[in-house]
Amino acid sequence: MINLNDVEKIASKYQYSKYMVARYLKLFGLEETYELLEANERKIKKSIRVNSFNIKPHKLIKRMEENGFEFSKIEWDKNGFYIDKEPYSIGATSEYLQGYYYIQKAASMIPVNILDISQNDIVLDMCAAPGGKLIQAADIMNNNGCIIGIEYDKDRIKSLRSNISRCGIKNAILFRMDAAKFPEFNYKVDKILLDAPCTGEGLIPFDKSRKKSRSFEDIITCSSIQIKLLNAAIESVKIGGIIVYSTCSIAPEENELVINNFLNKGKIEILDTGLKWGKSGIINVFGNAISEDLLKAKRFYPHKNGTQGFFVCKLKVVN
Amino acid sequence: MINFKELSNKELAQINKSLNYFGGLIFDTLIKSNIFLINTKIKKEIFLIPKNNYEIFLKFKNYRVPYYLGIYFGDLKNESLFFSLNSLQVINNLTTKKIMVNKQGELKFIYGKNLQKKHIIKIFSNFNPLDKMIIINNKNEVLGLGKTIYPINIKFNNNIKIKNIIDIGWYLRKGN
Ligand SMILES: C[S@@+](CC[C@H](N)C(=O)[O-])C[C@H]1O[C@@H](n2cnc3c(N)ncnc32)[C@H](O)[C@@H]1O
């Protein structure tokens, strides 16, 4: 049971919608709720990911350090760096214009890294704009193979095109469409990244308005879109192929529950991410027990990992 | 309707001719492992697609027209190719039609400005008035495309004014 006074007090202190605080108290308990909300007030370190097919990471870092930038390594990506000192905008350097890096949040580098991509794969990125993960995949593939990128938003697909041009990506085919319709292509790919649209609950450190801007109904609406997209993903990958599902939300309805929906249908199984970072997925969702396999999913939090709130789960299609 | 299609022989010849100015072997080198496609939806946009991706495109084309594929190589206008930033990067190491600028020149150029003699550190070939050239920095990185107003001699003995046609600052000014 949660204490309603706590909900009132915390929601008013940190300026959150009450339903969110009530949910945090149930999921994390009082102490961790405070830790999360405190961490949401702090700045998350900016980071970049080097396009190593364009320039060797150590060369780029040296060059930018000569211009006054300072960096430190991101543990889970050999081409990922936190920006420790930014004397002028990291988005306006000549190295940026040369396409030598993409400004990408550290946790956002995880999904592509666990997708087991090899150079000649055909990869489907179902929600591709603005393109950080697609560019990362192209980098791992050394610009070989093929990435089918789907995005339905008219403006966002424009920035996707600009970003992939700037970074010199040549192995992408982009479609502007609803990714849920991809099965109509009747084409099976090797790997799928489903970086699903979500309520962005993990992005509060970057966007304080999110403390109040979304209702519980929004979470449910997103969840039904996510289920539709994951269903399409399962239909579109070869047997034995991998799907990585990710969101920047920490709501179980947008994460574990989406995947749990498919677990008893015999089509997918959850694989270990192989990551030593992040907390396990939640298997007791507001008093309801779900599949223990979801312990293999990973959750990242500002108070635990210094990242935005993030969820990632690796799936294999078995049937 | 299919918007991306292979180029006609006439269109290919126009591209070949535009590339030929930068170097005789460029066109043949490119078509060994790539295919040119044209998208005529708004203007005549030219794309260069790796052959394996072209085969995938063929499987999809009856279902849906892609928004973008391969690299955007430029626009075909008045029977010649207007080079994109990506196409300049592709041909940079295959041409001597280029001019290297110093840091000051680099900054001017990527802000969309023209270049003068004081910005130039190396001229790789002679140019006639209205000739185009790739502008690079001292690390051989493409900054964009310029066009000379006066003749330019490898030995620098001329008045130099190079007009900015396109530059990578575009990604900041318009790209996002
Ligand atoms: C979380 S963002 C993706 C970020 C991207 N993967 C990256 O790394 O830059 C989700 C994207 O999915 C797009 N989207 C939402 N619903 C979609 C759908 N049904 N089909 C295709 N794209 C969709 C949104 O417009 C948004 O750009």
Side-chain angles (χ1 to χ4, degrees), chain A residues 54-55 59 63 67 89 91-100 103 119-120 122-124 128-131 143-152 154-178 181-189, chain B residues 4 30 33-35 37 45 47-74 84-90 92 101 103 106-107 109-111 136-144 166-176:
Chain A
N54 279 336
I55 190 167
K59 261 194 170 170
R63 196 167 142 170
N67 292 330
S89 170
T93 69
S94 50
E95 291 80 8
Y96 176 82
L97 294 176
Q98 290 297 337
Y100 288 160
I103 303 166
Q119 284 219 7
N120 292 316
I122 297 175
V123 177
L124 172 64
N143 238 336
N144 293 306
C146 180
I147 307 175
I148 301 158
I150 298 189
E151 170 60 49
Y152 81 178
K154 192 162 127 265
D155 294 322
R156 290 177 66 95
I157 200 165
K158 273 191 200 147
S159 25
L160 172 62
R161 172 175 170 166
S162 171
N163 281 325
I164 68 174
S165 293
R166 178 177 60 81
C167 294
I169 307 303
K170 60 173 193 186
N171 64 343
I173 304 181
L174 306 183
F175 291 94
R176 190 180 156 226
M177 61 182 272
D178 175 2
K181 298 205 168 120
F182 189 80
E184 290 173 15
F185 280 42
N186 231 336
Y187 188 87
K188 305 273 189 202
V189 301
Chain B
F4 285 89
L30 292 181
S33 49
N34 301 281
I35 306 259
L37 291 185
E45 283 190 315
F47 290 80
L48 184 73
I49 328 292
K51 276 187 179 159
N52 63 325
N53 282 17
Y54 177 68
E55 279 153 27
I56 297 170
F57 156 78
L58 287 180
K59 296 200 175 114
F60 291 158
K61 70 173 192 179
N62 293 331
Y63 294 99
R64 202 171 280 262
V65 179
Y67 175 86
Y68 180 93
L69 70 170
I71 66 166
Y72 162 58
F73 206 75
S84 72
L85 292 165
N86 280 146
S87 61
L88 299 176
Q89 280 156 345
V90 169
N92 182 32
V101 297
K103 195 71 204 168
E106 171 167 2
L107 288 177
F109 199 73
I110 66 178
Y111 277 101
I136 56 170
N137 64 13
N138 64 357
K139 298 185 176 75
N140 191 29
E141 293 163 339
V142 172
L143 305 175
I166 43 166
D167 67 88
I168 55 171
W170 180 91
Y171 289 119
L172 286 184
R173 295 193 298 270
K174 302 219 181 87
N176 276 317

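Sequence lines set the chain letters: A, B, ... in the order given, protein chains first and strands last, and positions in each chain run from 1.
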Sub-4.5 Å side-chain heavy-atom contact between [X] and [Y]:
{"X": "A:Lys170", "Y": "B:Leu69", "value": "no"}
{"X": "A:Gln98", "Y": "B:Lys139", "value": "no"}
{"X": "A:Phe175", "Y": "B:Phe60", "value": "yes"}
{"X": "A:Ser165", "Y": "B:Gln89", "value": "no"}
{"X": "A:Lys158", "Y": "B:Tyr67", "value": "yes"}
{"X": "B:Tyr68", "Y": "A:Leu160", "value": "no"}

So what's closer than 4.5 Å to chain A heavy atoms on [X]: side chain, backbone, both or neither?
{"X": "B:Ile110", "answer": "side chain"}
{"X": "B:Glu141", "answer": "both"}
{"X": "B:Tyr63", "answer": "side chain"}
{"X": "B:Val90", "answer": "neither"}
{"X": "B:Asn86", "answer": "side chain"}

Does NZ in A:Lys59 sit with more than 12 non-hydrogen atoms of other residues, nucleotides or ligands closer than 6.0 Å?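 Check fails, neighbour count at 12 or below.
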Between [options], which residue shows the highest count of heavy-atom pairs closer than 4.5 Å to chain B?
{"options": "A:Ile173, A:Asn143, A:Ile164, A:Asn120", "answer": "A:Ile173"}
{"options": "A:Gly99, A:Gly145, A:Ala92", "answer": "A:Gly145"}
{"options": "A:Ile157, A:Ile148, A:Asp155", "answer": "A:Ile157"}

Would you mind checking which part of A:Arg63 comes under 4.5 Å of any heavy atom in chain B, side chain (CB onward), backbone (N, CA, C, O), both or neither?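 Only the side chain of A:Arg63 comes within 4.5 Å of chain B.
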Check whether A:Ile169 gets within reach of chain B through its side chain, its backbone, both or neither, counting any heavy atom under 4.5 Å.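 Interface part for A:Ile169: backbone (N, CA, C, O).
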Test of understanding: with ring pair (Phe, Tyr, Trp, His ring centres under 6.0 Å), list the residues that count as partners of B:Phe109, not counting sequence neighbours.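 By the ring pair (Phe, Tyr, Trp, His ring centres under 6.0 Å) rule, B:Phe109 matches no residue at all.
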To check you understand the geometry: which heavy-atom pair defines the closest contact between [X] and [Y], and what is its length?
{"X": "B:Asn53", "Y": "A:Cys146", "value": "OD1-CB, 3.4 Å"}
{"X": "B:Leu172", "Y": "A:Leu97", "value": "CG-CD2, 3.7 Å"}
{"X": "B:Arg64", "Y": "A:Phe185", "value": "CB-CZ, 3.9 Å"}

Quick one: list whatever passes side chain to side chain donor-acceptor pair (under 3.5 Å) with A:Gln119, sequence neighbours left out.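 Residues passing side chain to side chain donor-acceptor pair (under 3.5 Å) with A:Gln119: A:Asn144.
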In terms of heavy-atom pairs under 4.5 Å with chain A, which of B:Ile71, B:Leu48, B:Ile56, B:Ile49 leads?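 That would be B:Ile56.
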Choice from B:Leu85, B:Val142, B:Asn34 maximising heavy atom contacts with chain A below 4.5 Å: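 So the answer, after comparing B:Leu85, B:Val142, B:Asn34, is B:Val142.
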